[in-house]
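Only this structure's heavy atoms are used, side chains among them; waters, hydrogens and symmetry mates stay out. As the structure is a computational prediction, the values presented were derived from the model and not from experiment. In listed order, ligands and their atoms are each counted from 1.
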Amino acid sequence: MVKRIGVLTGGGDCPGLNAVLRAVVKTAMMKYQYKVIGYRDGYRGLVMNDFMEFKAGDVSGILDKGGTILGTSNRDNPFNFRVENNGKVEYVDMSDKVVENVKAHGIDCLVLIGGDGTLTSARDFARKGLNVVGIPKTIDNDLSATDTTFGFMTAVDTATDAIDKLHSTAESHHRVMILEVMGRYAGWIALASGIAGGADVILIPEIAYDIGKVSEKILERAASGKHFSIVVAAEGAKSTDGEIVISKVVNDSPDPIRLGGIGNRIAEGIEKLTGIETRVTVLGHLQRGGHPNPYDRILSTRYGVRAVELASEGKFGLMVSLQGDSITSVSLEDAVGKLKTVPAEGELVQIAKSVGVSFGD
Ligand code: F6P
């Protein structure tokens, strides 16, 4: 019998996190009369026993708010946790301590909200015997076991709005405008916003680009009287020589590589090969902030409600998932460790090519 649920948000923040928390807390408290504990700052709260008990009003007025009222972290892995002893940094497996804490607090189920890193630890806690339900979050939409992660559609809205605005300067000044978007090793945000915003060139990690071909496309447009072009580049886009552009390495992060800088790299190449003035906008964390759009508010609510229902049914070791129009669940064992990338020959790439988009291939 479940009586007490623990919840945390892990990894990068993402539009819809508060909407999920609201759905989890409201469903648990109102439908099932469970108590809900919220751990602060992702797995750090679970390891350090830093938590709050939700009261009825705590999730009021947060459906439309960006960020997460619990805080989050994309640095803390409970199975390899950074601790500092007398100035010496060590990485320690704190998972047994977490299991002890969870049992000591009488938590019957943990609802863990995050991307692949958070959900991999969720799977590992399930293997250690904890009752766990996962909820898939990331603007990157790169989790293989769900059709859509919450946060992605809002990020696409933000990127599409940016492309719409960049058209003004591109057209007025006869320039090439490059928009660099996030997505890590998957091109979903670039592809979706590029199609929605009418980009002329879309560069994604799944299709290696040749800067010569990108420039040819821009010159062809100029020759046909279109003296501007819009390029959307995913931060993980790769050139045919296999090069990706890294902005920094965050050493104490479970996934230390931070991508960034591809926009400037491409701009140099385009200016050199076309002679057309080229400018870069890096959209960055604007894609993670602000109000979730209605799609994400609804998806987050569906995920949150279903996660608590699974707990009430005694079904654990699962991740809630969107398959077609239905919310279902998949084993955490099958849900993690596999990136969902853009199929290079898939329908979205084909329709983009049909309307004249170049992928630089
Ligand atoms: O996974 C979400 C994401 O925003 C990626 O698209 C991006 O590469 C990364 O996180 C950025 O991480 P940080 O917030 O640490 O810069």
Under a single-linkage definition using a 4.5 Å side-chain heavy-atom cutoff for Ile, Leu, Val, Met, Phe, Trp and Tyr, are Leu310 and Tyr34 assigned to the same hydrophobic cluster?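 Both belong to a single hydrophobic cluster.
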Any donor-acceptor N/O pair, Lys97 side chain to Val47 backbone, under 3.5 Å: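 Indeed, once roles are kept as given, a pair shorter than 3.5 Å links the two residues.
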Taking Asp58 for the side chain and Lys55 for the main chain, is one N or O donor matched with an acceptor at less than 3.5 Å?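 The answer is yes, because a donor-acceptor pair under 3.5 Å joins these two groups.
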Go through Phe125 and Phe79 one step at a time and tell me if the side chain to side chain contact (heavy atoms under 4.5 Å, CB included) criterion holds. CA-CA 9 Å; Phe125 281 125; Phe79 291 82; 3.8 Å; yes
What do we get for [X] next to ligand 1 when only non-hydrogen atoms under 4.0 Å count, side chain, backbone, both or neither?
X: Gln287; answer: neither
X: Val250; answer: neither
X: Asn74; answer: side chain

Side-chain donor-acceptor pair under 3.5 Å between Arg258 and Ser253, yes or no?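 Yes - a donor-acceptor pair under 3.5 Å links their side chains.
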So, Arg221 and Ser229: side-chain donor and acceptor under 3.5 Å apart, yes or no?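 On atom types as modelled, these side chains qualify, holding a pair under 3.5 Å.
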What is the nearest protein non-hydrogen atom to [atom], stated with its residue, atom name and distance?
atom: atom 9 (C) of ligand 1; result: Arg184 NH2, 3.5 Å
atom: atom 1 (O) of ligand 1; result: Asp140 OD2, 2.7 Å
atom: atom 3 (C) of ligand 1; result: Arg288 NH1, 3.4 Å
atom: atom 15 (O) of ligand 1; result: Arg258 NE, 2.7 Å
atom: atom 16 (O) of ligand 1; result: His285 NE2, 3.2 Å
atom: atom 8 (O) of ligand 1; result: Glu235 OE2, 2.5 Å

Might you work through the side chain to side chain contact (heavy atoms under 4.5 Å, CB included) test for Ile244 and Ile257, ending with a clear yes or no? CA-CA 11 Å; Ile244 54 168; Ile257 303 286; 5.6 Å; no
Number the atoms of ligand 1 from 1 as they appear, then name those within less than 4.0 Å of a heavy atom of Gly183, with their elements.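 Close to Gly183: 6 (O).
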At a 4.0 Å threshold, what atoms of ligand 1 neighbour a non-hydrogen atom of Ile139?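 Answer, ordered by atom number: 4 (O).
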So, for Ile5 and Ala28, which heavy atoms are closest and what is the spacing to 0.1 Å?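 Nearest heavy atoms, Ile5 then Ala28: CD1-CB, 4.2 Å.
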